[in-house]
There are 2 protein chains.
Amino acid sequence: MIRRGGRGDRTVSQRVPTVRDVAARAGVSVGTVSKALNNRGQLRDETRARVVAAARELGFRPNTLAQSLQSGRTYTVAVITTDRFGRFGNPLMLGVEDALGADRVSVFLCDTRDDPIREYHHAQTLDERRVDGIIVAGRRKQTRAPLAVASGVPVVYVIARSSDPSDFCVTTDDVGGGVLAGRHLLAAGRTRIGHITGPERFADPRERAAGLQQVLDEAGLSLAGGQVFYGEWSEDWGRRAAEMLLHAAPDTDAIFCGSDQLARGVVETLRDRRLRVPGDIAVVGFDNWEPMAAGCRPPLTTVDPNLREVGRVAATRLLDMIAGTPVEGGVETVPAWLMLRESTGVRLTEPPLGSN
Amino acid sequence: MIRRGGRGDRTVSQRVPTVRDVAARAGVSVGTVSKALNNRGQLRDETRARVVAAARELGFRPNTLAQSLQSGRTYTVAVITTDRFGRFGNPLMLGVEDALGADRVSVFLCDTRDDPIREYHHAQTLDERRVDGIIVAGRRKQTRAPLAVASGVPVVYVIARSSDPSDFCVTTDDVGGGVLAGRHLLAAGRTRIGHITGPERFADPRERAAGLQQVLDEAGLSLAGGQVFYGEWSEDWGRRAAEMLLHAAPDTDAIFCGSDQLARGVVETLRDRRLRVPGDIAVVGFDNWEPMAAGCRPPLTTVDPNLREVGRVAATRLLDMIAGTPVEGGVETVPAWLMLRESTGVRLTEPPLGSN
DNA sequence: TTGTAAGCGTTATCAT
DNA sequence: ATGATAACGCTTACAA
């Protein structure tokens with residue numbers, strides 16, 4: 001694995017020390033070294049100390065491969081994702097690492113780029129690498145075929161669930177997110193609430209809309225504009241849809257948007273029309289995609305789907321499965337929460353953005 | 001590595017087949033299996049076929065750990081990054097995978113979260129895992145201490161370079177990016193060009209500014225507003241700085257921004273002032289951060305720092321080093337390029353955004 | 001308390 | 001053309 005001795009090497013040619021080297025230096029046997037370094041068995045303190053000293057002097061690092069070959073565990077999991085681009089994968093990975101880092105588990109990152117062939121390839125490779133478990137993250141709430149792993153490694157699905165009902169999936173609560181947004185707007189005294197969102201063919205925007213609708217129903221209200229404005233996930237659709245909504249319902253006093261990007265577009269249209277946010281119209285976004293939401297003028301109140309927590313839960317369950325704890329198939333939903341900013345009338349002091 | 005037989009397991013308890021199982025089923029020895037499966041040595045076609053058949057029937061997947069233990073290569077590299085959050089890491093990783101994927105090399109992703117302790121920990125772990133090589137990606141152009149790996153594994157630094165001059169680093173061409181922006185604006189007939197950017201204490205914005213200055217010098221022009229407007233990396237600074245610039249130099253006809261976020265803020269101020277973009281003032285951003293740049297109205301012409309290529313080059317050089325090819329220490333700079341959109345007067349038809 | 005040796009799953013070097 | 005067998009680096013019975 002390590003290339004040394006090549007003519008181009010700048011580092012001094014050196015063999016990586018093994019237990020044998022440590023044993024020789026400490027004047028003991030390899031078995032003793034192992035015990036000393038792993039605090040196992042009965043050893044004289046002096047011996048243990050001598051071994052530890054020898055190990056550190058040589059800069060000994062145990063070879064994980066050999067350990068794994070022996071133990072049957074690699075302390076390695078993989079995250080297979082179709083989406084590392086968008087803002088999506090990042091908080092998720094953060095959560096995964098939150099849970100995994102504590103356990104000294106390393107993470108293989110595999111990007112399928114939405115290509116089933118690539119996914120299959122990665123699955124094969126991971127099988128061969130004997131990863132302890134796999135997290136399969138989809139971008140949208142849809143049902144997908146189970147990952148093609150032969151070995152029976154534990155797999156946890158994220159957002160996109162497996163068609164096999166005995167598989168386990170962690171996902172976001174989009175209905176709940178919609179409810180959160182609706183309740184918040186109601187609490188802020190808004191009653192003529194419109195909704196602009198992404199493609200109707202996707203479950204996520206439909207669920208968000210359903211959540212809002214549920215709140216409106218409970219309050220005996222109906223949707224401003226008489227319909228959900230489904231469209232694309234672009235700022236431009238946000239701008240256009242806002243025009244349409246205001247045309248259909250000029251007295252609209254709040255707009256819930258299916259994404260922060262849409263909300264940006266909406267806010268732009270509102271400003272062009274000299275409508276004040278939140279004075280005339282309150283706006284709620286979805287995603288809590290920091291640079292988008294915080295950079296907006298005014299900063300956006302938005303539903304945070306809690307992807308970091310989704311990642312954390314997924315990794316935690318995966319560790320459970322790896323440890324042999326029974327994990328029931330089905331879907332675990334992680335609650336969303338609401339990030340309050342100024343676009344709905346709350347006023348907050350926030351730390352300045354520090355990222356490039 | 002694989003947990004089976006646990007009471008909670010949903011999959012049928014099954015041992016992962018080894019060469020021995022294949023050998024037994026094919027009625028040959030393990031050595032023969034190895035040769036057959038790896039197309040080595042002299043074997044009768046019939047035998048080879050029989051082994052291959054047995055392997056596929058059993059769903060045999062060679063254990064990479066054992067192979068690595070034997071060969072000394074893990075076909076594994078790690079990317080250590082301080083930044084997986086921003087838009088930054090993503091194109092970079094894409095490039096890395098472009099280069100690595102061809103070689104069936106898997107990638108460990110390690111996020112330090114800017115914590116030296118975490119970095120040290122990761123370095124240790126990677127040493128123990130005997131990764132073939134490591135890419136250390138920093139967020140900013142700065143000099144950092146070499147990664148604390150004892151083993152002499154090849155390391156390539158990205159953007160942030162190592163203080164050891166014999167280490168190799170791949171980075172972006174920020175001066176060149178500034179030149180690109182300046183030339184483009186000049187070519188578009190602008191002569192009163194201002195510059196709004198991030199913190200002066202960072203090298204990146206200073207280099208971008210230097211690139212622009214260089215072009216202006218060559219053209220005998222000077223910076224609109226008489227100074228570079230250094231500030232924070234926020235939309236808000238973009239808005240405020242635009243006010244300042246226009247106050248200092250009302251006849252400004254172009255603004256080069258050190259980031260797309262800044263450019264968004266600038267464009268917003270311009271619209272508030274009823275200045276047309278690009279009619280009255282052309283705007284160039286930096287980053288080509290798709291959702292920001294394309295979502296802007298008008299869409300932003302912007303310098304693409306070519307991070308994907310940076311990632312590709314880094315991975316390629318790393319593979320070279322792993323293969324033993326001498327790689328000189330120093331810095332390799334990857335040229336930036338200009339993404340033309342409407343904010344500088346170009347008119348393009350672009351595919352609609354499809355991402356959430 | 002310490003040493004010896006078997007075994008984890010491969011590949012490679014010999015014999016045969 | 002195929003089969004034993006010794007590595008690879010480690011852990012762990014078991015023997016001393």
Side-chain angles (χ1 to χ4, degrees), chain A residues 1-2 4 15-52 54-55 58-76 125 127-132 151, chain B residues 1-2 4 14-52 54-55 58-76 127-132 151:
Chain A
M1 76 273 334
I2 294 147
R4 44 186 81 62
R15 224 174 43 83
V16 175
T18 74
V19 270
R20 287 240 276 273
D21 302 312
V22 177
R25 178 168 251 258
V28 296
S29 73
V30 291
T32 303
V33 170
S34 178
K35 284 167 209 153
L37 262 27
N38 298 295
N39 277 316
R40 258 186 278 275
Q42 308 293 314
L43 255 56
R44 255 181 16 211
D45 283 356
E46 192 273 330
T47 311
R48 203 180 292 278
R50 197 147 37 91
V51 171
V52 170
L58 283 114
F60 170 74
R61 303 268 106 226
N63 184 329
T64 312
L65 302 167
Q67 290 177 323
S68 296
L69 192 56
Q70 222 280 129
S71 69
R73 280 212 48 181
T74 55
Y75 292 92
T76 281
T125 304
D127 251 349
E128 296 176 359
R129 291 199 184 278
R130 303 297 192 263
V131 295
D132 292 337
S151 53
Chain B
M1 70 277 333
I2 295 147
R4 44 188 83 63
Q14 58 183 342
R15 226 175 41 84
V16 175
T18 73
V19 271
R20 287 241 276 273
D21 302 312
V22 177
R25 178 167 249 259
V28 297
S29 74
V30 292
T32 304
V33 170
S34 179
K35 283 169 210 152
L37 263 26
N38 297 294
N39 277 316
R40 261 186 275 275
Q42 308 293 313
L43 256 56
R44 256 183 12 214
D45 284 355
E46 192 273 330
T47 310
R48 202 180 293 276
R50 196 146 39 90
V51 171
V52 169
L58 273 75
F60 170 74
R61 303 267 105 227
N63 185 328
T64 311
L65 302 167
Q67 290 177 324
S68 296
L69 191 56
Q70 222 280 126
S71 68
R73 280 214 48 182
T74 55
Y75 293 93
T76 282
D127 251 348
E128 296 177 359
R129 292 199 183 279
R130 304 297 193 264
V131 295
D132 292 337
S151 54

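Keep in mind the model is a prediction, meaning the values are calculated, not measured. Residue numbers begin at 1 in each chain, while the letters A, B, ... track the order of the sequences.
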Is any side-chain heavy atom of Gln67(A) closer than 4.5 Å to one of Arg73(A)?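 No, their side chains stay 4.5 Å or more apart.
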
Rounded to the nearest Å, what distance is computed from the CG atom of residue Leu69(A) to the P atom of nucleotide dG7(C)?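 After rounding, the gap between these two atoms is 14 Å.
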
Just checking Val33(A): base, sugar-phosphate only, or nothing, at a heavy-atom cut-off of under 4.0 Å?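 Result for Val33(A) = nothing.
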
Mind checking if Ser34(A) touches a base, just sugar-phosphate, or nothing, with heavy atoms under 4.0 Å?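 The answer is base, as Ser34(A) lies within the cut-off (heavy atoms under 4.0 Å) of a base atom.
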
How long is the line joining CZ of Arg20(A) and C1' of dC8(D), in whole Å?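 Nearest whole value for this atom pair: 9 Å.
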
Quick one: which of dG3(D), dT10(C), dC14(D) gets closest to the side chain of Pro62(B)?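 Looking only at side-chain atoms, Pro62(B) lies closest to dT10(C).
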
Nearest to side-chain heavy atoms of Val19(A), which nucleotide of dT10(C), dT2(D), dG9(D):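 Nearest listed nucleotide: dG9(D).
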
CZ of Arg15(A) versus C1' of dG9(D): gap in Å, rounded?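 Between C1' of dG9(D) and CZ of Arg15(A): 11 Å.
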
Please state how far atom CG in Leu37(B) lies from atom P in dA12(C), giving the value in whole angstrom units.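 Atom CG in Leu37(B) sits about 13 Å away from atom P in dA12(C).
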
Counting only heavy atoms from other residues, nucleotides and ligands, does the tally under 6.0 Å from CG of Asp45(A) exceed 12?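 Open: at most 12 neighbouring heavy atoms sit under 6.0 Å from CG of Asp45(A).
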
Donor-acceptor under 3.5 Å (Asp132(A) side chain, Tyr75(A) main chain):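 Yes; at least one donor-acceptor contact below 3.5 Å.
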
Spacing between Gln70(B) atom CD and dT13(C) atom P, to the nearest angstrom: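 After rounding, the reported distance stands at 9 Å.
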
Has Arg40(A) got a side-chain N or O lying under 4.0 Å from the OP1 or OP2 atom of dT12(D)?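 Yes, Arg40(A) has a side-chain N/O under 4.0 Å of OP1/OP2 on dT12(D).
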
Select base, sugar-phosphate, or nothing to describe what Gln42(B) touches, counting heavy atoms under 4.0 Å on all strands.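 Since a base atom lies under 4.0 Å of Gln42(B), the category is base.
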
Tell me yes or no: between the side chains of Thr32(A) and Ser29(A), is some donor less than 3.5 Å from an acceptor?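 Side chains of Thr32(A) and Ser29(A): pair found under 3.5 Å.
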
Quick one: is dC8(C) close enough that its OP1 or OP2 comes under 4.0 Å of any side-chain N or O from Asn63(B)?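 Checking dC8(C) against Asn63(B), no side-chain N or O comes under 4.0 Å of OP1 or OP2.
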
Could you work out which one of dT2(C), dG3(C), dT11(D) sits closest to the side chain of Asn38(A)?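 Nearest to the side-chain atoms of Asn38(A), counting from C-beta on, is dT11(D).
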
Between P on dG9(D) and CG on Asp127(B), what's the gap in Å once rounded to a whole number?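 So the CG-P distance, Asp127(B) to dG9(D), works out to 15 Å.
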
Could you tell me if the side chain of Arg20(A) sits less than 4.5 Å from the side chain of Val33(A), heavy atoms only?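 With C-beta onward as the side chain, the pair stays apart.
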
Scan Thr47(B) against the nucleic acid and name what it touches under 4.0 Å (heavy atoms): base, sugar-phosphate only, or nothing.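 Sugar-phosphate only.
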
Mind calculating the distance between CZ (Arg73(B)) and P (dC8(D)) to the nearest angstrom?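 Distance, rounded to whole Å: 19 Å.
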
What is the nucleic acid contact for Arg61(B), judged by heavy atoms within less than 4.0 Å: base, sugar-phosphate only, or nothing?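 Sugar-phosphate, no base atom in range.
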
Mind calculating the distance between CG (Leu43(A)) and C1' (dT12(D)) to the nearest angstrom?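 So the CG-C1' distance, Leu43(A) to dT12(D), works out to 14 Å.
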
Are OP1 or OP2 of dT11(C) and a side-chain N or O of Ser71(B) less than 4.0 angstrom apart?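 It does not, given that no N or O in the side chain of Ser71(B) lies less than 4.0 Å from OP1 or OP2 of dT11(C).
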
Does dC10(D) have OP1 or OP2 under 4.0 Å away from a side-chain N or O of Gln67(A)?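 Checking dC10(D) against Gln67(A), no side-chain N or O comes under 4.0 Å of OP1 or OP2.
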
Between Arg50(A) and Val30(A), which has a closest nucleotide on DNA chain C that is more 5'?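 Checking each residue's closest nucleotide, the 5'-ward one belongs to Arg50(A).
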
Can you name the closest pair of heavy atoms from Val30(A) and Ala23(A) and give their distance?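 Looking at all heavy atoms of both residues, the closest pair is N-CB, 3.8 Å.
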
Counting just side-chain N and O atoms, does Ser29(A) come under 4.0 Å of either OP1 or OP2 of dG3(C)?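 Answer yes for this pair, as a side-chain N or O of Ser29(A) is under 4.0 Å from OP1 or OP2.
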
